[in-house]
**Q** 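Below are the C-alpha cells for one structure; questions will follow.
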Amino acid sequence: MEGRRRRAVILVENLPVPLDRHVWQMALALRDAGWAVSVICPATAAHPERRLMLDGIDIRRHWLPAEGHGFFGLLAEYAVALFEEARLLLGLRIEGPVDVVHVCNPPDLLFLVAAPFRLLGARILYDVHDLVPELFEARFGQRRLIGRMVRAAEWLSARLADRLLVSNDSFRDRILARCPVAPDRVDTCYTTPKTAFLGTPRALEAPVRPRILGYLGIMGEQDGIDHLIDMVAELKGPLGQAQVKALLVGDGPALPAARARAQALGLGPDDIAFHGFLTGEPLRAILQQFDIGIIPDPPNGFNDIIPMNKVFEYSALGIPSVSYPLAETCRLLGDAGTYAEGPTPADLARATLRLLDDPMLHLEKARAALALSRARFRWETEAAKLVAAYEAMVPARGAPQ
C-alpha cells in the first residue's frame with residue numbers, strides 16, 4: 001500500500017448520506033483516521049445528486065424505487081439496489097484498489113455485492129445495524145420460508161466477513177449463537193450521536209411545565225407511529241391534556257397512514273405536526289422545542305433488543321424519554337427513563353402524564369438523561385472501536401502485524 005491511502009467503500013441500502021447519521025459519522029471517523037472513504041447509497045428526492053464530494057467523503061448515489069411494501073415489494077427494491085450498488089462498486093474498483101468493503105444491513109443481501117471483491121484483495125466488514133430475522137418477524141409474522149431465507153442470508157453475511165460490527169451486546173450474543181464467527185472478530189459499536197449534530201443541550205436550571213412531545217426517527221411499519229398518534233389522542237381526550245402538542249420529525253412508509261390516522265381521530269395541526277426529514281439548523285431548532293421525547297416502538301422480539309437511536313439523541317439534549325419497557329431501552333436508560341406499565345397507547349399516555357403533571361420529576365429525569373449521555377453515550381468512544389476494527393483488518397503500512 002506504499003504511496004497511497006488505504007481505501008474503504010461503505011455500502012448502505014436504506015438511506016442516503018449524510019441523512020443516515022450513523023453511517024455519516026462512521027465515514028467521517030474513518031476519514032479522520034487517514035482513510036480514503038467512499039459511500040454508495042440510494043438517491044432520494046431530497047438528496048438527488050448522483051455523485052458529490054462532501055467533507056472529504058466521496059458519495060456515489062443510485063436510483064432506487066419507492067420503498068417496497070410487503071415481502072415481494074421488498075424483494076423488488078432489493079434487486080434494484082443490489083444491481084446498482086454492484087455497478088457503482090465495480091466502477092470504484094476500476095478507479096483503484098479497495099481495501100475494505102463495509103456492508104451495512106438491512107438487508108442481509110449485500111454480501112452478494114461484496115463477495116467478488118474478496119478475490120481482488122478487499123476485506124469485508126459486515127455491519128449489523130438490525131437483526132434482520134427479528135425485523136422480518138416483527139413486520140411479517142412467523143413465516144417459516146421467509147425465516148429460513150433471512151437466517152441463511154445472515155449466516156452467509158457473517159461467514160463471508162473478515163470482521164463484524166454490531167450495534168449492542170444483545171446483537172453480538174445472537175450473532176455468535178447462530179453464525180459461524182469467532183468472538184474476537186465481532187466488535188460492538190453503538191449508534192451514539194455527535195453532540196454537534198443535534199445542537200446544544202438545553203439549560204436544566206429550574207422546573208418548567210412540559211407541553212411539547214417530540215418524535216425523531218424513521219417512520220417504518222414497526223416503529224409504532226400508530227401508537228404515538230393514539231397516545232396523543234388519549235392525552236387530549238380522556239386524560240384532559242388539551243395543551244399538549246406533538247412534533248414528529250422523520251419520514252418513511254408509515255407516514256401517510258399516520259397522517260390519515262391523526263385526521264380520523266380529529267387531531268389537527270395544533271395537536272400534532274408532521275415535519276418530515278430535517279437536517280442542520282431546521283432540525284436543531286425543532287429539537288430545542290421538545291419537552292419529552294417519545295419512543296413509541298411497541299413491545300416485540302425485535303424492538304426489545306435494539307438500541308434505539310432516539311435513546312441517545314434525546315438524552316444528548318437533556319430531553320427525558322417515555323417508552324414501553326423494552327429490555328435494551330431499559331438497560332440503556334435505567335432510572336433516567338419513564339416506562340409504560342402495559343403494551344397499549346393508553347399505557348404510554350399515562351406514563352407521559354406522569355412527566356406532564358410533575359415539572360420537578362420532569363427536570364430530574366432530564367438531568368439524569370443528560371448526565372447519562374455525557375458519561376456513557378459518547379461517539380468518540382464508539383469511533384475508536386470502529387477505527388480499531390479497520391486497523392485489525394488492514395494495518396497501516398509499517399504497523400506491527
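Both backbone and side-chain heavy atoms feed into the values below; hydrogens, waters and symmetry mates do not.
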**Q** Counting only pairs under 3.5 Å, give me each side-chain donor-acceptor contact of residues 313-321, with atom names and distances, residues two or more places apart or in other chains.
**A**
from, atom 1, to, atom 2, distance (Å)
E313, OE2, R21, NE, 3.4
E313, OE2, R21, NH2, 2.8
Y314, OH, G214, O, 3.4
Y314, OH, L216, N, 3.2
Y314, OH, I294, O, 3.0
S315, OG, V311, O, 2.7

**Q** E84: what forms a side-chain hydrogen bond (donor to acceptor under 3.5 Å, both in side chains) with it, not counting sequence neighbours?
**A**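 Result, side-chain hydrogen bond (donor to acceptor under 3.5 Å, both in side chains) vs E84: R87.
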
**Q** Got a sec, which pairs hit salt bridge (Lys or Arg N to Asp or Glu O under 4.0 Å) with one end in residues 123-133, sequence neighbours left out?
**A**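 Those involving residues 123-133 do not exist here.
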
**Q** Is any side-chain heavy atom of L110 closer than 4.5 Å to a side-chain heavy atom of N105?
**A**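 No, side chains not in contact.
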
**Q** Table please: side-chain donor-acceptor pairs of residues 267-283 below 3.5 Å, with sequence neighbours left out.
**A**
from, atom 1, to, atom 2, distance (Å)
D271, OD1, K236, NZ, 3.2
D271, OD2, G268, N, 2.9
E281, OE2, R284, NE, 3.1
E281, OE2, R284, NH2, 3.1

**Q** Donor-acceptor pairs under 3.5 angstrom involving side-chain atoms of residues 145-157: please list them, not counting sequence neighbours.
**A**
from, atom 1, to, atom 2, distance (Å)
E154, OE1, R178, NE, 2.7
E154, OE2, R178, NH2, 3.1
S157, OG, D108, O, 3.4
S157, OG, A153, O, 2.9

**Q** For Y215, check side-chain hydrogen bond (donor to acceptor under 3.5 Å, both in side chains) against everything at least two apart and list the hits.
**A**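 Once residues adjacent in sequence are excluded, Y215 has no partner under the side-chain hydrogen bond (donor to acceptor under 3.5 Å, both in side chains) criterion.
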
**Q** I need the minimum non-hydrogen distance between P298 and N303, along with the two atoms involved.
**A**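 Heavy atoms of P298 and N303 come nearest at O-ND2, 2.8 Å.
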
**Q** What salt bridge (Lys or Arg N to Asp or Glu O under 4.0 Å) pairs are there with at least one residue in residues 286-308, not counting sequence neighbours?
**A**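 As it turns out, the salt bridge (Lys or Arg N to Asp or Glu O under 4.0 Å) pairs with a partner in residues 286-308, which skip direct neighbours, are R202-D291, D297-K310.
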
**Q** Just to verify, what does F377 make a ring-ring contact (aromatic ring centres under 6.0 Å, His included) with, not counting sequence neighbours?
**A**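 Listed in chain order: F312.
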
**Q** For E341, I'd like to know if atom CD has over 12 heavy atoms of other residues, nucleotides or ligands within 6.0 Å.
**A**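 Open: at most 12 neighbouring heavy atoms sit under 6.0 Å from CD of E341.
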
**Q** Sequence neighbours excluded, which residues qualify as side-chain hydrogen bond (donor to acceptor under 3.5 Å, both in side chains) partners of E95?
**A**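 Scan of E95 (side-chain hydrogen bond (donor to acceptor under 3.5 Å, both in side chains), adjacent residues dropped) gives R60.
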
**Q** Nearest 0.5 angstrom please: T191 OG1 to D20 CG, how far?
**A**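 The CG atom of D20 is 10.0 Å from OG1 of T191, to the nearest 0.5 Å.
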
**Q** What are the two closest non-hydrogen atoms of L333 and Y339, and how far apart are they?
**A**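 The answer is CB-OH, 3.4 Å.
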
**Q** Applying salt bridge (Lys or Arg N to Asp or Glu O under 4.0 Å) as the test, list every pair that has at least one member in residues 241-261; sequence neighbours left out.
**A**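 Output for this query lists D230-R261.
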
**Q** Going by side chain to side chain contact (heavy atoms under 4.5 Å, CB included), name the residues that satisfy it together with R378, two or more places apart in sequence or in a different chain.
**A**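 If we apply the side chain to side chain contact (heavy atoms under 4.5 Å, CB included) test to R378, skipping adjacent residues, the hits are E380, T381.
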
**Q** Do any pairs count as a salt bridge (Lys or Arg N to Asp or Glu O under 4.0 Å) and have a residue in residues 349-374, sequence neighbours left out, and if so which ones?
**A**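 Those involving residues 349-374 are D347-R350.
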
